[in-house]
Structures are given as C-alpha cells and as structure tokens.
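Let me begin by presenting the structure, written as structure tokens, before commenting on it.
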Amino acid sequence: MKAIICSLCYVIFAPLIGGLLDGLDRKISARMQGRVGPPLLQPFYDLNKLHNKQLIAVSKSQTFLMISYLLMMILTGALFYAGYDILMCFFVMSTASTFLYFAAIVTGSPYSTIGASRELIQMMAYEPAVLLACVGFYLCMGTFDVAKIINSVVSPIVYLPGFFIAFVFILTIKLRKSPFDISTSHHAHQELIKGLTTEFGAKNLALFQLTEWYEVTFLCGVVGLFIINSNPISIIGAIAVVFVVWFLEILIDNCSARVKFDLMLKISWIVTLLSAGVNLLILMINR
Amino acid sequence: MTLGFFLICFPIIMSLIIFCIRVNKIRNFIAYLSTIIIMAAVGVFTFFWVKNGSQIMQLSIGEITEAVDKLILIAELILMVVVTILCFKYKKYWISLLSIVPTLLIAYFELFLKNEADTDIRLYIDHLSILMCLIVGVIGCLIVIYAVGYMHGYHHHHIDIEDRRYYFFMILFMFLGCMFGFVLSENLLWIDFFWEMTSVCSFLLIGYTKTEEAINNSFRALWKNLLGGCALAVAIVYFGIKAQTVSFHSLIIMGQRISDHSDMWVLMPIALIAFAAFTKAAQFPFSTWLIGAMVAPTPSSALLHSATMVKAGIYILFRLSPAMAGTRVGLMVSFIGGFTFFAASVIAIAQSDGKKVLAFSTISNLGLMVACAGVGRAETIWAGVFLMIFHAISKSLLFQDVGATENSIHSRDVEDMHGLLYRLPRLAIIMFIGIAGMFLAPFGMLISKWSALKASVDESNILLVFFICFGSATTSFYWTKWMGKIISHEHTDEEKVRDITKKNELISLIVHAILMITLCAFFPLLSKLYVDSLLMEMFGTYEDVLPISILYILVAIIIFVFAIPFFAYIASKKMKTNIKLSYMNGINVGNNNEFVNSFGDPKQVWMSNYYFHKKIGQRKLMMPIQVFTTAWIVVLLSMIISSAI
C-alpha cells in the first residue's frame with residue numbers, strides 16, 4: 001500500500017519538483033552571471049505555452065516515440081519510489097533513453113542525428129558508474145531493493161563515498177550540464193543548435209521537458225538514497241545533500257566550457273574506475 | 001529412449017543420402033522432410049523424458065557397445081586421414097599434425113590402456129542435455145529450412161562459385177547429428193569424436209566457396225579448433241589412466257570432491273577441457289577463427305556461430321562448472337570470459353560490416369556465458385542458461401536476417417541499412433526484434449546480466465563486476481546505433497528495393513521472431529518449471545534465483561514495454577501533425593535529403609554513425625588482447641598443471 005502511495009506521489013509531484021528545480025537553476029545561473037533571471041515559475045509557463053501549440057514534427061513517429069520515452073521514465077521513477085530493485089530501475093531507464101535516441105534519429109536531420117549519436121556516447125559514459133553504484137548498494141546492504149536500503153542503520157554514504165563521487169560526477173552528464181552538455185544544450189545556437197532536441201517542435205519539446213523533470217526527480221532520489229537511513233531525521237539530511245549537489249551542478253555548469261566527447265568518455269570512465277573502483281575494492285576486501 | 005540414438009544416427013544417414021542426390025528439387029524435399037522428422041523426434045524425445053518424470057537417465061547399448069566403440073574409433077581414424085589429405089592438398093602440412101597426434105593418442109589409449117571393466121553407459125540425459133537438444137533441434141532445423149531458400153538465391157547471384165549444394169547440405173546434416181551426439185554422450189571418447197567431427201564440419205563449411213580467403217580462413221578455424229581437440233585428448237587420456245574410467249560425470253563428481261592435495265590432479269583434465277572449450281567458444285585469444293568464418297554462406301554462419309557449434313564449448317563448461325567453482329580453473333575461466341565480454345564489445349563498436357558486428361557480439365556474449373560458468377554458482381548458471389537460450393534465438397535470427405537483407409540490397413554494411421524500415425519493412429522489423437532481444441529490457445539477456453552481476457558480487461569476483469559494468473555500456477552502444485540506422489529517415493527517396501526474400505527464409509525468420517517474443521513473455525515460467533530443476537540437478541541444492549519482487553517488476557515491464565509503444569503509436573496516429581522540413585541552417589532545398597552548397601547547387605545529406613575505428617579498431621586492439629589473454633592462460637595453466645603433478 002505504502003509502495004503504491006509513494007509511486008503515485010512521484011507520478012503526481014515529480015513534475016512540480018523537477019520544474020521548481022529547473023526554475024531555481026535558471027534563477028541561480030542568472031545571478032551567477034549577474035542577471036536578474038526569469039521568475040521561479042517560468043519553466044511552467046514555458047511548458048504550458050509549448051503544450052498549447054500545434055503538433056509540429058519532421059517525422060510522424062516522433063510523437064509516439066516521445067510519449068513512450070515519457071511513460072518509460074515515469075515507470076522508472078515509480079518503480080524506484082515504490083521501493084523495488086534499483087538495478088532494474090536503471091535498466092528500464094536505459095530502455096527509456098533508447099526511445100529518446102530513436103525519436104531524435106528517426107528524423108534523419110543532420111543536427112538532431114549528430115546530437116543523438118552523442119547522446120549514445122553519453123549513455124556509454126555514464127552507465128558503468130550507474131551500475132557500479134547499484135553494486136555498491138548491494139555490497140553494503142545485501143540487497144538491490146530500495147525499500148530495504150532506506151532501512152539501513154547507517155547511511156550508505158559512509159561505506160560508499162567513492163561511489164557517491166562517481167555518481168555525482170556522471171550526474172553532470174545525465175543532467176546535460178556543461179562541460180558535458182554535448183548532446184544538447186540549454187542555450188540555443190551553440191555548435192549543435194540544441195542537439196538532439198533540434199527537431200522536437202512545440203508539443204514534443206514539452207514532452208521532452210516534462211520527461212526531464214521526471215528524470216531529475218528520480219536522480220535526486222538516487223542521490224538521497226546515499227544519505228537516507230532508518231532514522232527519519234536523515235530525510236532532512238538527504239534533502240540538504242540533494243540541494244548541495246544541485247547547486248554544485250549549477251556551479252559547474254556555469255564555470256566550465258564544453259569538452260569534446262572523447263575527453264568526456266575518458267574522464268568519466270577514469271573517475272568511475274578510480275573512485276568507485278577503489279571503493280569497491282576496499283569494500284570487497286573488508287567483507 | 002532409443003530415440004536418443006535415433007537423433008544421432010538419423011541426421012548422419014540423411015546427410016549421406018543427400019550427398020547422393022543431385023536433383024535440387026528432390027534434395028530440397030528430402031531436406032524439408034528430414035528437418036520435420038528431426039524436430040518431431042526432438043519433441044517426442046523431450047515429451048517421453050518429461051513423462052517419465054524428467055529424471056537423469058543413463059543409457060547403455062547392451063552387447064553392441066564394443067562394436068560401436070570400435071566403429072567410432074575407425075570413424076575417427078578416417079576423419080584423421082581426411083584432414084591429413086586436405087592439409088597436404090592445400091600445403092598446410094603442419095596442421096595435419098594437430099589431427100594425427102591426438103587421434104593416435106586416443107587410439108592407443110583405447111586399444112591398449114583402457115580399463116576393460118569400465119562402465120558401459122554411453123548416453124546421459126538430463127535437463128541440460130535436453131535443453132541443448134531442443135536448441136540444436138529447433139534452431140538448427142529452422143536454419144536448414146532457411147538454407148534451402150538462401151542457397152538457391154546465393155548461387156543465382158554468385159555464378160562464379162561452383163554449385164555444390166549437395167555437399168553443403170550433407171555437412172549441415174552431418175553437423176546436426178554430431179551436435180546431438182556431443183550433447184548426449186557420457187563417454188569421454190565419444191565426446192572427443194563428436195568434438196572433432198564438429199570442428200571438421202565447420203572447417204568444410206567455411207571453405208565451401210573455395211576462394212583463397214575462404215580456404216585460408218577455414219584452415220585457421222581448423223587449426224584453432226584442433227588445438228582444442230589436442231587438449232581434450234590429453235585430458236581424456238590422462239584422466240583415463242589416473243581414474244581408470246572415461247565417464248564424463250565421474251570426472252565432474254571427482255572435481256567437486258577435491259578435499260586435499262592428493263586430489264589436485266583432477267584439476268588438470270578439467271583445466272585442459274576448459275582450454276578446449278575456449279577454442280570452440282571462440283574466446284580470446286582464439287576468436288579470430290570465428291571472424292574469419294564469416295566468409296561462409298550465411299546459413300553456415302548462423303548454424304556454426306550462433307546457435308549450435310559455439311554453444312558446444314559453453315555446454316561443456318556449464319557441465320564442468322560445479323567442479324570449477326572456487327578453484328584456479330574457475331579463476332582462469334571467469335577472467336577469460338569476462339575479459340572477452342568487455343574487449344569484444346569494444347571492438348564491435350568499430351565494425352560497420354553487419355556480419356562482423358554479429359561475430360564480435362557473439363564472441364562477447366559467449367564471454368559472458370563462459371564467465372558465468374567460471375564463477376560456478378547456481379545463480380550464474382541460471383543466468384548463463386538464459387543467456388544461451390536467448391542468444392541462440394536472437395543471433396540465429398539476426399544472421400539469417402542480415403543474409404536475407406544482403407540478398408536484397410547487395411550489401412551487409414550497417415551504413416547501407418540506413419532507413420531499412422522504409423525499404424524492406426518486413427526484414428527491418430524482424431531485425432529490430434532480434435536486436436532488441438540482445439540487450440533491451442525486458443528481454444532475457446538483461447535479466448541474465450542482472451543475475452550475473454549479483455552473483456559475481458556475492459563471489460567477490462571484482463574484475464568480473466568491472467567487466468560486466470563496462471561491457472554492458474559498450475554493448476548497448478553498438479546495438480543502439482544499429483537500431484537507429486534501421487529507423488532513420490532515408491537518404492534518398494528514389495531508391496526502391498525489391499524484397500526477394502524466399503518464403504522458406506521468411507518462415508524461419510518469423511518462427512524465430514515469434515519464439516523470441518514468446519520466450520520473453522513466458523520466461524519466468526520457464527525459469528520456475530525448467531531451469532530451477534536443471535540447477536537442482538547440477539548443484540543438488542535449490543535456490544530461488546529470481547526473487548518474487550523481481551518477478552513482479554518483470555511482468556510490469558513486459559506489459560509496459562510492449563503496450564506503451566503500441567498505444568502511443570495508435571494515439572499519435574490520430575493526432576493532427578504539422579509536418580515541417582528538418583532544420584538545415586535555412587539552406588533547405590525543399591526536401592529532407594539535400595541542402596544548398598556553396599555553389600548554390602543541391603547537395604545530398606549523408607548521415608553516418610560513429611565507429612572510432614582508428615582508436616578501437618580490430619587492427620589496433622587485437623594484438624595486445626591476444627598477447628594478454630595468451631599470457632593469462634599460459635600462466636594459470638602452468639600453475640594448475642604444476643600443482644597437479
């Protein structure tokens with residue numbers, strides 16, 4: 001019962017949380033750049049406007065692929081917040097990302113195709129760290145089930161600092177923040193003209209935006225999972241850490257220039273190997 | 001249960017009959033008929049076995065045992081002579097040694113050293129061998145049906161190649177018979193014979209076209225597989241002398257019961273058999289033979305390299321896995337497997353030839369299965385069995401589909417499959433299903449990965465954890481970009497292709513696709529009913545590999561993944577869409593295929609995938625990988641052998 005309520009809450013409130021975080025992102029970014037920035041609720045106004053526009057697409061199948069992407073992402077988060085197996089959640093998420101890739105590449109448009117290819121490389125860059133994070137949870141808690149992981153006596157981060165670093169590192173890729181915003185970018189008219197979202201017109205772009213919010217909420221949940229334990233106070237700590245990580249991502253986004261994809265792949269794999277790998281080694285030896 | 005012997009003998013007899021028939025129509029008819037009989041026989045065989053309580057069955061053939069053993073020895077000697085003649089004909093003299101030495105060794109052992117009081121059990125039937133029979137029977141026969149149509153088209157296009165279909169089908173059937181023999185045999189001498197037979201059959205199939213490249217590649221396949229055969233022969237003779245028996249299962253039982261140092265010698269034959277399995281399952285450093293084997297006509301690629309022959313290596317490793325768990329042999333096997341899984345998937349990224357991608361992904365997936373066997377826990381074998389089932393179906397499907405596509409568009413390059421969905425919709429959809437089966441949720445491959453990862457963490461096999469995590473990232477990459485190619489918008493609108501896929505090819509393809517989806521839907525059931533009892537048999541303990549929560553998620557995902565795109569598609573069809581041109585910096589020509597170049601003329605847009613072949617190509621990586629894995633095998637083998645002696 002609790003599981004159903006939790007996942008329903010996610011389905012209903014995730015867009016709100018995601019949208020607010022997005023608004024906060026724009027606000028803080030603007031302040032960092034010495035601008036006033038849009039109102040906090042601007043992402044919602046944008047979404048509303050996009051949603052009320054007519055359906056514009058290059059290829060008709062884009063819409064159905066985007067809807068599938070959205071629904072799969074919701075499924076991912078719902079499974080996670082219902083307390084099911086975290087590894088399976090990430091497997092479903094990778095299937096969802098595949099649909100995004102299809103939606104972009106089906107058009108055959110040059111910008112969106114290159115953006116989509118880069119999205120694939122991004123997936124390849126972050127997947128090891130994500131899988132290793134799941135392995136980390138399994139090693140210290142003996143289970144992949146989220147419902148059991150949150151009932152641990154000590155916060156998992158105590159055992160898994162390396163995994164946490166690797167996960168936060170690839171979060172930059174996952175959230176499409178600079179320096180790793182190579183498949184798409186918030187700012188129009190950079191080298192790739194919004195990359196794989198180039199051909200998502202109006203309603204489809206709204207779907208994309210909405211899915212991003214669901215995804216962000218899910219990923220924040222995973223970050224929180226590192227902190228949370230059987231003590232209810234730890235929830236506050238988890239929320240605080242999520243905000244710190246979020247701020248960190250915005251800071252990195254604002255003070256770094258985009259790198260090339262091969263550098264991204266190299267750095268992220270090395271970081272994964274060094275921090276998560278060494279952590280894994282220590283955990284396994286001490287078992 | 002004489003049906004078991006029927007399964008071995010019938011295909012071999014049919015192959016000889018087929019060789020004698022030179023009229024295409026009659027031969028095709030006989031081929032169809034025999035495949036139906038074989039499939040029916042496998043079905044009946046399984047049915048009776050289940051009806052008798054799915055027990056382990058050990059069969060002997062009574063008084064004629066002696067005679068049959070002699071017959072097999074004579075056949076093995078004939079095989080040696082054939083190989084030697086062929087080696088001398090093509091001036092590859094030294095390869096003949098790899099056949100002569102082990103055969104004479106085995107012959108000497110059988111005639112002079114064998115314990116006459118040894119058991120007369122010859123066949124061993126349990127869950128694993130029944131499963132192998134089903135795979136070989138169903139997939140193998142479907143491939144033969146496909147081959148009838150394919151070879152017709154093949155000789156229509158390749159007029160320069162001599163039409164020797166009678167020979168081709170003879171080897172296909174011979175091969176099927178040997179595979180049945182291999183998976184059902186209990187006597188190591190029989191296993192050795194069928195092992196050598198499959199090696200030679202694959203050699204003959206690869207060299208079918210008789211071009212220079214084919215001949216070179218076929219000899220490469222031959223010597224690598226015969227090298228494995230040598231190791232197998234040494235293992236058998238050593239074990240036969242030490243233990244006074246050549247029963248495969250007593251080897252496994254002895255391996256499981258190693259208690260002190262005086263039992264360590266058992267590890268040596270196990271390690272040597274594992275080494276032989278590496279060659280057959282095309283693990284690094286032996287995998288080049290499988291890449292070279294792609295010159296053969298597609299049905300033989302599909303038969304040898306997806307569904308059956310390479311699975312022989314996996315089968316024998318699964319059998320040995322209880323004995324390997326936790327030993328140095330297990331360490332050797334799981335490392336080679338895991339490394340191959342990762343390294344082959346990296347090289348696969350750099351390939352654009354469709355069949356080469358399939359070849360490397362085969363090697364890579366086999367690596368994962370080998371690693372599962374090496375860890376040797378019930379969970380990993382569970383994962384490995386599912387990997388084997390799903391891999392057999394989807395790989396055979398993909399090989400056949402790429403072959404059919406090649407017949408239609410005259411290319412098997414992934415880049416040329418751009419927009420295949422709009423040109424050859426039937427083949428493209430089937431290909432899509434096949435690829436999805438290889439890595440996407442909810443197909444079995446993924447859940448196997450889940451289980452393999454969990455078990456390797458439990459075993460503290462840290463290297464394997466890394467290999468699986470990084471390898472699955474690279475695996476998704478090369479499959480997804482292939483899928484993207486199939487569905488992306490065509491380069492040109494004019495190009496129309498005629499789908500010349502024959503009916504029999506299509507039948508095989510569709511049956512495969514249906515099998516794939518059905519298995520995906522019913523695999524929790526399959527796990528409960530069949531694979532759990534398989535593990536029970538192998539390990540003697542029952543362990544629920546698939547927890548109930550995972551089962552729920554799986555059912556949910558299965559429903560969602562099929563339902564979501566379906567309903568989304570129907571819903572989006574009704575939506576009124578305003579179709580616009582794609583963005584090209586405002587220099588569109590008026591369609592999505594061209595833009596205005598600097599001379600003001602229309603220029604074609606040509607989109608291609610990333611391959612990074614200069615960084616991670618075969619040429620660059622193959623050598624270091626081979627050196628590294630050879631070193632690993634040599635070091636561990638010498639450690640095992642020295643501690644055994």
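The sequence lines fix the lettering, A, B, ..., with proteins before strands; numbering per chain opens at 1.
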Tyr478(B), part contacting chain A, at a heavy-atom distance under 4.5 Å:
neither

Examine whether an atom of Phe477(B) lies under 4.5 Å from a heavy atom of chain A, and if so say whether it belongs to the side chain, the backbone or both; otherwise answer neither.
both

Output yes when Lys603(B) and Glu594(B) qualify as a salt bridge under the 4.0 Å nitrogen-oxygen rule, no when they do not.
no

Taking side chain as everything from C-beta outward and backbone as N, CA, C, O, which of these in Leu453(B) sits under 4.5 Å from a heavy atom of chain A? Side chain, backbone, both or neither.
side chain

So what's closer than 4.5 Å to chain A heavy atoms on Ile349(B): side chain, backbone, both or neither?
side chain

Does the side chain of Lys454(B) reach to within under 4.5 Å of the side chain of Glu379(B), using non-hydrogen atoms?
yes

Side-chain donor/acceptor of Ser451(B) to backbone N/O of Ser448(B), under 3.5 Å
no

The interface call for Lys576(B) against chain A, heavy-atom contacts under 4.5 Å, is backbone

Could you tell me which portion of Phe595(B) (side chain, backbone, both or neither) has an atom closer than 4.5 angstrom to a non-hydrogen atom of chain A?
neither

Report the residue from Asn279(A), Leu281(A), Leu280(A) that forms a side-chain contact (heavy atoms from CB on, under 4.5 Å) with Leu283(A).
Asn279(A)

Considering only heavy atoms, which portion of Phe466(B) lies under 4.5 Å from any heavy atom of chain A: side chain, backbone, both, or neither?
side chain

Non-hydrogen atoms of chain A under 4.5 Å away: do they reach the side chain of Ser472(B), the backbone, both or neither?
both

When every non-hydrogen atom of Ser68(A) is compared with those of Ile564(B), the smallest separation belongs to CA-CG2, 3.5 Å

